[in-house]
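I have placed the structure first, in the form of structure tokens, so that the comments after it can refer back to it.
In each ligand, atom 1 is the first atom listed, and ligand 1 is the first ligand listed.
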Amino acid sequence: MASEKQGEYDFIVVSNRLPVDRQTSPDGTEYWQASPGGLVTALEPMMQASGGAWVGWPGRPDLEFDPFDHDGMHLVPVSLTAVEVERYYEGFCNDTIWPLYHDVIAPPSYHRVWWDAYVRVNRRFADAAARLAAKDATVWVHDYQLQLVPMMLRESRPDLTIGFFNHIPFPPYGIFSQLPWRRRIIEGLLGADVIGFQRVGDAANFSLAVRRLLGHSVRRAGAIDIEEDGKPFRRVISRAFPISIDSRAFEEVAKRPDVQARARQIREDLGNPKKILLGVDRLDYTKGIQHRLKALGELFAAGELDPEEVSFVQVASPSRERVETYRQLRDEIELTVGRINGDFGSIRHQPVSYLHHGYPRDEMVALYLAADVMLVTALRDGMNLVAKEYPAVRFDEDGVLVLSEFTGSADELRTALRVNPHDIDGLKAAILEATRMPQADRRRRMRAMRRRVLENDVARWSSSFLDVLREARGNSAARDES
Ligand code: G6P
């Protein structure tokens, strides 16, 4: 840790993953590549201006790296052993909290050794941030992997201003209360000055859990008053801050002639179908990929959609492949795709193009431009950024978004075709409506979505969170002095 500048950073981001991935080139040399997440785009200017540091895991087990500088940011890798990856990341994060917070779509597993690893790894992240932070610095902790970090940090560094943002849903109390360590999680989160959620409903679920488990009073604006010895001690703000994307950056890519040429090429390569339908997801059981395949299969079978005239492109990027539920899901999806193509395909044309890959942003934008209908049928999703990327890209004001009401995006994108993905008949009707919608209607709906996404971009999201954080800290400093 020779190059680490301890205690000098005024702004620190803590997230499970660093904003860079460790890549290996064909000749075996290794290098860091920026991962194209929206969070980095939103925070990079602030990190560069305020001399910020980012604490995170480099994404592979048993690798120790010294801190290093990348694009004007100081990156501090936290290493995890193979056993910790298994128990903390694959286990507690992605086989306990992830299914629990997504409405138990898959059954969560509860294992005490996983919980122990979660506590230990959260402590490691908290210690790294505590070492880096200057006096009175601001630390912004992200997501469900690190819910204990706020309180751990507050205990070791009470001078810090601490924010937490939960990128995934926060479940209703009836579900959350299954968790054997439910009280510890709430206490951990309450170490923050401001706790952000995607939707108003998530913040309300959290408030109820706080009241039920700890008995704190929660005021209307999400202000939680924590008392000590019967006297007011601290106020925590919990509120919705719906996240967004770097909309202008997506739009700019879409306006490039090479990307538009690629979109035309995609249509041609698919055999110039009348309609291209598109799904873009991490391969995850929360995304409702099977539901949309079922609806499409039935539409083909009933002759309501002509498989010769339609191409459905499903990009399913590989994710959490060592977790059993994800393996099973992959098998199920691939079986279904094979059946549909077997039943309705011909030598000339396969109605489903299934791609188990991740693609760079330019290729994704070209796909969005080529798609007449975008299918977002998640069973539960904190926000779903694909639903925002599609309208951001469609500067031609064309294309139809079919959007599940169980995504955070549905709160904002009111002119999408709204669906309940569990209702297969409703989903089929929406897909048909989308493929037949007149152009004037498509334009009206797309315009309204674009206005929203271009105005509420990720920079606005981060600045509104950080403004509330600054204010919250200002208020408690004023209280401390009085
Ligand atoms: C969701 C979570 C993120 C996570 C991402 C990818 O969007 O909110 O915290 O990084 O999925 O999952 P992974 O397990 O690969 O980090």
- [ ] Starting from atom 3 (C) of ligand 1, locate the nearest protein heavy atom and write down its residue, its atom name and how far away it is, to 0.1 Å.
- [x] Asp143 OD2, 3.4 Å

Open item on the list: I need the nearest protein heavy-atom contact for atom 15 (O) of ligand 1: residue, atom name and distance, please.
Closed with: Arg17 NH2, 3.0 Å

Open item on the list: Between Lys287 and Asp381, does any NZ, NE, NH1 or NH2 come within less than 4.0 Å of an OD or OE carboxylate oxygen?
Closed with: yes

Open item on the list: List ligand 1 atoms under 4.0 Å from Ile168, heavy atoms only on the residue side.
Closed with: 8 (O)

TODO: Of the side chain and backbone of Arg320, name the one, both, or neither that has a heavy atom under 4.0 Å from an atom of ligand 1.
DONE: side chain

Open item on the list: So for Asn16, does at least one of its heavy atoms come nearer than 4.0 angstrom to any atom of ligand 1?
Closed with: no

Open item on the list: Using modelled atom types and a 3.5 Å cut-off, is there a donor and acceptor pairing between side-chain atoms of Arg157 and backbone atoms of Ala134?
Closed with: yes

TODO: Could you tell me whether Arg320 and Glu90 make a salt bridge, using a distance below 4.0 angstrom between a side-chain N and a carboxylate O?
DONE: no

Open item on the list: Taking distance alone, with N or O pairs closer than 3.5 Å, would you say His167 contacts ligand 1?
Closed with: no

Task: Nearest-contact summary for atom 13 (P) of ligand 1 - protein heavy atom, Å - done: Tyr89 OH, 3.4 Å

Task: Neighbour count above 12 (heavy atom, 6.0 Å) for Arg322 CZ - done: no

- [ ] Report yes or no: does Lys388 contribute a side-chain atom to a donor-acceptor pair with the main-chain N or O of Leu413 at less than 3.5 Å?
- [x] no

